[in-house]
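Every heavy atom of this structure was used, including side-chain atoms; hydrogens, water molecules and symmetry mates were not. Below, chain A is the first sequence line, B the second, and so on; all start at residue 1.
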Number of protein chains: 2
Amino acid sequence: MNELSRQATLNPIHAPHAACSQCNLQELCLPVGLTTAELSTIDHLVSERRKVARGDALFCSGDHFTAIYAVKLGFFKTEVLSEDGRHQVTSFYMAGEVLGMDGISAETHHCDAIALEDSEVCLIPFNQLESVSLKVPTLQRHLHRVLSREIVRDQGMMMMLGAMRAEERVIAFLLNLSQRYIARGYAAADFNLRMTREEIGSYLGLKLETVSRAFSHLQEEGLVQVEKKRIRLMDTARLKKLLSHDDASR
Amino acid sequence: MNELSRQATLNPIHAPHAACSQCNLQELCLPVGLTTAELSTIDHLVSERRKVARGDALFCSGDHFTAIYAVKLGFFKTEVLSEDGRHQVTSFYMAGEVLGMDGISAETHHCDAIALEDSEVCLIPFNQLESVSLKVPTLQRHLHRVLSREIVRDQGMMMMLGAMRAEERVIAFLLNLSQRYIARGYAAADFNLRMTREEIGSYLGLKLETVSRAFSHLQEEGLVQVEKKRIRLMDTARLKKLLSHDDASR
DNA sequence: CGCAATTTTGATTTTGATCAACTTCTGTGG
DNA sequence: CCACAGAAGTTGATCAAAATCAAAATTGCG
């Protein structure tokens with residue numbers, strides 16, 4: 001193990017050393033609740049920062065899996081595509097979130113990860129992460145939490161896709177984004193979308209026209225302000241009520 | 001760690017000791033590719049077998065998370081329910097599959113797990129599993145694979161819910177079941193559904209009438225034989241083609 | 001600045017939901 | 001073992017939500 005971390009230290013490939021212990025995203029990313037000593041172990045783990053230009057892929061479906069990635073800066077989408085042309089956006093990732101964990105099971109990625117704006121990620125080589133987490137139980141536990149959180153998130157998504165009508169999905173989407181911006185210390189109710197209506201639609205299982213109409217309608221109702229990509233939530237309470245209240249039909 | 005495994009050994013609560021090393025589901029469940037020595041370590045890990053009668057819950061949403069469960073025998077569904085009455089089936093689990101991993105992230109389960117027939121599970125206390133996997137890297141790796149496989153599976157599900165039409169979903173569902181029966185050595189094309197049309201519908205984001213109509217239509221086309229719960233796939237090749245071929249629209 | 005991409009809005013069509021009636025099945029108790 | 005009640009499943013008619021088609025307006029890259 002030691003030679004691995006030394007190698008990383010000697011090998012600042014693209015950027016100055018990552019230094020989780022200094023990172024302001026600390027509590028959002030992998031190293032939650034570690035002691036200072038443990039944290040500095042992790043510093044050696046994160047071997048590399050990588051810049052990804054808007055529109056470029058961080059990894060593609062079929063790529064050999066070697067690492068997971070913590071978003072340091074920017075915004076990503078992941079999408080799966082089936083043999084036929086069909087494809088669907090499965091997630092959006094913002095700073096502090098970890099992506100690429102779909103690759104663990106078969107050592108091959110099952111989706112494409114595309115940067116929606118110029119972005120930067122911390123690369124965490126997975127077998128090093130596994131080695132270190134054998135030594136640092138707190139890290140192992142946290143890794144399991146991160147993996148499990150992804151499972152829970154996906155289940156919520158399935159619920160949304162299976163049981164909500166179009167406008168509800170859009171509301172849920174906006175509230176979820178807002179929630180995540182709050183966690184990052186940004187304004188809860190005023191943010192810019194980084195993705196197109198089409199990408200939102202794909203994510204929500206809707207056509208882009210339907211997303212656009214939902215935005216317009218929510219605006220008419222005074223619930224949100226939509227100004228191209230800028231979204232302002234005008235009445236979060238009522239939005240939440242619209243979600244939880246609706247006819248428990250489907 | 002030792003006292004934990006001893007405790008387990010001394011404590012055959014409901015059934016004779018589980019004995020992964022003897023289990024015929026071995027290669028489907030947790031202990032893949034372990035050495036004999038490693039396997040016997042795991043024997044001590046699986047502390048208990050538990051029977052769950054048809055209709056009973058293995059765990060419920062909100063329950064404190066302590067263990068994951070390998071299905072030894074039988075069939076389960078998991079369903080999430082939101083604050084309002086809305087609920088949705090998120091997965092089905094058959095023998096050899098592992099469930100309960102949604103609970104890791106917050107040490108609380110996020111769904112209900114209900115037995116669809118009289119079933120039996122092996123209970124794997126999660127913090128013991130974590131402890132042991134600190135000692136057995138192969139096990140740690142395998143655990144990560146199992147977690148990741150769940151993520152990949154969910155992504156496929158999202159694709160299905162977001163991008164397929166009703167009949168395609170039903171076909172995908174049947175082919176998936178068939179696939180999993182094959183992996184268990186059962187007939188690929190002739191099996192009994194353990195769930196109702198309503199549960200299938202909930203899982204697929206459809207109403208039960210729609211599922212029923214899809215079955216009828218597929219039968220008219222000579223693609224499947226439906227006889228109450230018994231399903232025979234008459235033309236797997238064509239079914240697959242229907243899935244991959246369809247207009248790559250949505 | 002100009003052109004391609006994105007977005008909005010409207011008209012129409014399609015899919016699947018809903019409502020309803022009827023049949024079949026299952027399991028329980030007499 | 002049969003009768004029966006409730007659950008599960010099928011099928012048809014109608015309706016509503018979202019997709020599709022189409023056109024115009026806006027935006028933002030290069």
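- A straight line from CZ of A:Arg230 to P of D:dT27 spans 14 Å, rounded to a whole angstrom.
- Side chain of B:Ser216 to main chain of B:Ala214: no donor-acceptor pair is present (N/O by atom type, distance under 3.5 Å, no hydrogens or angles).
- The CG-P distance, from B:Leu204 to C:dG16, rounds to 12 Å in whole Å.
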Salt bridge (charged side-chain N to carboxylate O under 4.0 Å, His left out) evaluation trace for B:Glu120 with B:Arg50: CA-CA 6 Å; B:Glu120 222 174 299; B:Arg50 186 177 295 174; over 6 Å; no

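- Spacing between atom CD1 of A:Ile200 and atom C1' of C:dT6 amounts to 12 Å, rounded to whole angstrom units.
- C:dT13 atom P lies 17 Å from atom CZ of B:Arg165, rounded to whole Å.
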Sequence-aligned protein contact record of nucleotides 8-14 of chain D, with B where the base is within under 4.0 Å of a protein heavy atom and S where only the sugar-phosphate is: -SBBBB-

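- Atom-to-atom, CD of B:Glu227 to P of C:dT24 comes out at 14 Å; the value is rounded to the nearest Å.
- In this structure, NE2 of A:His217 is placed 13 Å from P of C:dG10, rounded to the nearest angstrom.
- Taking the charged nitrogens against the carboxylate oxygens, B:Arg194 and B:Glu117 do have a contact shorter than 4.0 Å, which makes a salt bridge.
- In this structure, the CD atom of B:Glu117 is 17 Å from the C1' atom of C:dG27, given to the nearest Å.
- Nucleotide C:dC25 holds its P atom 15 Å from the CG atom of B:Leu193, rounded to whole Å.
- For B:Ser61 against B:Asp112, the heavy-atom pair with the smallest separation is N-OD1, 2.6 Å.
- Both the sub-6.0 Å distance and the 45° axial angle are satisfied by B:Arg153 relative to the ring of B:Tyr93.
- Classification of the A:Phe65-A:His109 ring pair by plane angle, with boundaries at 30° and 60°, yields perpendicular.
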